[in-house]
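Each ligand, and each atom within it, is numbered from 1 in the order the structure gives.
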Amino acid sequence: MADVNGIIAGGGLVGLTLALALHQKGVKVRVFEAVKEIKPLGVGVNLLPHSVQNLAKLGLLAEIEKVAIKTSSLAYYTEDGKTIWREPRGLEAGYDVPQFSIHRGDFHMILLNAARERLGEENILTRHHFSEFTQEADRVTATFIDRQSGKTVGTASGDFLVGADGINSRLRHLFYPEEGPPKYSGQMLWRGVTEMEPFLDGRSMFMAGHNDLKLVAYPIRAESATRGKSYINWIAERRIPSDLAARAADWNETGSLEDFKPYFADWNLGWLDIGKLFDNALSIHKFPMVDRDPLPKWSFGRVTLMGDAAHAMYPNGSNGVSQGVLDAMTFADLLEDATDIEATLQAYEEARREATAKISLANRQTGPELVMQMVKDQCPGTCGETHSCIPQDTLEEVATAYKKLAGFDKQSLKTAK
Ligand SMILES: Cc1cc2nc3c(=O)[nH]c(=O)nc-3n(C[C@H](O)[C@H](O)[C@H](O)COP(=O)(O)OP(=O)(O)OC[C@H]3O[C@@H](n4cnc5c(N)ncnc54)[C@H](O)[C@@H]3O)c2cc1C
């Protein structure tokens, strides 16, 4: 579509991916980010093969490869280190592209540097918190404020506005003012990073435990591996059904060791010193496992939602970032061939809303992690080093069904090429 001019509210992972995808299609676009300075925050995230395939189209694969870990396998264990299910991932599983485990901040900086270089620094504006918009027949105008002072810092007019402003999205709030804060699952997460000796093959991701107490870990930095170490991202998860639902989800809240470490005291995986993992943490953040209900509608005229603003989901299945990348690429592809902006925003919603709603709802049923609870509920205690209480076919069915739902089974990827 010629001479199109877009506005993106939010310069997070999805806002910047969208900016790069639109720029590649020749669409003029500006990103308006609320914070004063975009910093490399957060800990680990996963880029599943379907998003990697798309990030490769944006020419980002080499940069990602330099810093990230190519995940070789995903395995589920019980708390005494017995294997429930293990599957190869990425290249090891026969995909054409790797699955990456990466520091969110490293990935964010790759996107930011590419966006500044390709779009020009002047088109990535910080200290611009989106606050309101108005819409006319042929344009949309957004107003931005300084979050600290509350003063207006500018307005922007364009052909469309995309709200990629995260789980506490202002744009979503304008469409759904009654919605309230994100929904608490009853599970609290402590997320940390620790540099120590590698576990398993140094490129594996594992999950251990069950719905009430869980540990997830995976290495995320290639540089650390060159020194014979692993920069391990870990998540300790404990059920705390309380009134935390009312709290806003804050990615920057710090966490305390004593709130979770004692609960893992009698765990023994055999190949990872869990006490050392926790004690040597370089940082610990606390974040309630929250999501949002699927919405009946994302696109309103020339305005739409994307990424967490549209479909914040539980991290089970490691799909949050990847689904946002798919949103962005779908939107850009549709706009390239479009003649009508409003119809394009509707088509984008049709392609992505139901698909992501299904994943959000599956994640509420613990997604692929279901296999851990199945063993917890059904194991008679007589299994050897590998659990045999649940037939392998059943475990495989759970794993395959989730991959299909989330669009990263091998067949879906071949078709999408
Ligand atoms: C600081 C931070 C740390 C995170 N750490 C992790 C992590 O360790 N692991 C993990 O799995 N996920 C983490 N996430 C969430 C993860 O990035 C998202 O789940 C996923 O990548 C979807 O990306 P997104 O761009 O939709 O949302 P986000 O990555 O959350 O990006 C939203 C962006 O919008 C900006 N913003 C918010 N409101 C406005 C507004 N009104 N106007 C303009 N800009 C606005 C935010 O500052 C942010 O940059 C973190 C998010 C943030 C913001």
Worksheet item: Can you check whether L171's main-chain N or O pairs, donor with acceptor, with S169's side chain at less than 3.5 Å?
Response: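 Side chain of S169 to backbone of L171, a donor-acceptor pair under 3.5 Å: yes, one is there.
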Worksheet item: Within the distance-only criterion (no hydrogens, no angle test), does the side chain of R364 pair as donor or acceptor with the backbone N or O of M313 below 3.5 angstrom?
Response: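 No; zero donor-acceptor contacts below 3.5 Å.
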[atom]: the protein heavy-atom neighbour that sits closest, reported with distance to 0.1 Å:
atom                    : answer
atom 47 (O) of ligand 1 : E33 OE2, 2.6 Å
atom 31 (O) of ligand 1 : G12 CA, 3.4 Å
atom 44 (N) of ligand 1 : A34 N, 3.2 Å
atom 9 (N) of ligand 1  : R191 NH2, 3.1 Å
atom 42 (N) of ligand 1 : F130 N, 2.8 Å
atom 21 (O) of ligand 1 : L13 CD1, 3.1 Å

Minimum distance, heavy atoms only, to [atom]: which one of [options] is it?
atom                    : options          : answer
atom 37 (C) of ligand 1 : L16, V14, D165   : D165
atom 6 (C) of ligand 1  : M313, R104, H108 : R104
atom 1 (C) of ligand 1  : L41, V31, D308   : L41
atom 12 (N) of ligand 1 : W251, F144, F287 : W251

Item to complete: For a side-chain contact (heavy atoms from CB on, under 4.5 Å) with L74, tell me which candidate from Q99, R86, M207 qualifies.
Response: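 Result: among Q99, R86, M207, M207 is the only option passing the side-chain contact (heavy atoms from CB on, under 4.5 Å) with L74.
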Can you check whether [X] has an N/O within less than 3.5 Å of an N/O in ligand 1?
X    : value
G42  : no
I167 : no
R147 : no
V43  : yes

Practice prompt. Give a yes/no verdict on whether any heavy atom in A312 is under 4.0 Å from an atom of ligand 1.
Written response: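 No.
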Worksheet item: Heavy-atom contact under 4.0 Å between A164 and ligand 1?
Response: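 Judged by the 4.0 Å heavy-atom criterion, A164 does count as contacting ligand 1.
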Worksheet entry | Modelled atom types, side-chain donor and acceptor of T356 and Q323, under 3.5 Å |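 The criterion, which ignores hydrogens and geometry beyond distance, is not satisfied for Q323 and T356.
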Item to complete: State whether a side-chain donor-acceptor pair under 3.5 Å links S230 with S224.
Response: no
Practice prompt. Return the orientation label for the F32 and F144 ring planes: parallel under 30°, perpendicular over 60°, tilted otherwise.
Written response: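 F32 vs F144 ring planes: parallel.
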Worksheet item: Any idea how F260 and F264 line up, ring-wise: parallel (<30°), tilted (30 to 60°), or perpendicular (>60°)?
Response: perpendicular
Worksheet item: How does S169 reach ligand 1, if at all, at less than 4.0 Å between non-hydrogen atoms: by side chain, backbone, both, or neither?
Response: neither
Discussion item. Tell me the contacting part of H128 for ligand 1: side chain, backbone, both, or neither, using a 4.0 Å heavy-atom threshold, strictly below.
Written reply: backbone
Item to complete: Could you please spell out the steps behind the salt bridge (charged side-chain N to carboxylate O under 4.0 Å, His left out) verdict for R302 and E136?
Response: CA-CA 9 Å; R302 295 172 172 271; E136 290 157 38; over 6 Å; no
Fill in: Test log, rule side-chain hydrogen bond (donor to acceptor under 3.5 Å, both in side chains), inputs S73 and S204
CA-CA 5 Å; S73 70; S204 290; 2.8 Å; yes
Can you sort out which atoms of ligand 1 are near [X], meaning under 4.0 Å from one of its heavy atoms?
X    : result
G307 : 26 (O)
F32  : 43 (C), 44 (N)
R170 : 41 (N)
G166 : 27 (O), 32 (C)

Practice prompt. From the options D327, N319, D293, D291, select the one residue that forms a side-chain hydrogen bond (donor to acceptor under 3.5 Å, both in side chains) with H311.
Written response: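 Going through the options one by one, the only one that passes is D327.
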Item to complete: Find out whether I145 and E132 are in side-chain contact, i.e. whether some heavy atom of one side chain is under 4.5 Å from a heavy atom of the other.
Response: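 Counting from C-beta outward, I145 and E132 never come under 4.5 Å.
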Worksheet entry | Identified ring pair (Phe, Tyr, Trp, His ring centres under 6.0 Å) partner of F206 from the options W234, Y218, W271 |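 Only one of W234, Y218, W271 forms a ring pair (Phe, Tyr, Trp, His ring centres under 6.0 Å) with F206, namely W271.
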Practice prompt. Assert yes or no for the condition that the ring centre distance of Y348 to F160 is strictly below 6.0 Å.
Written response: no
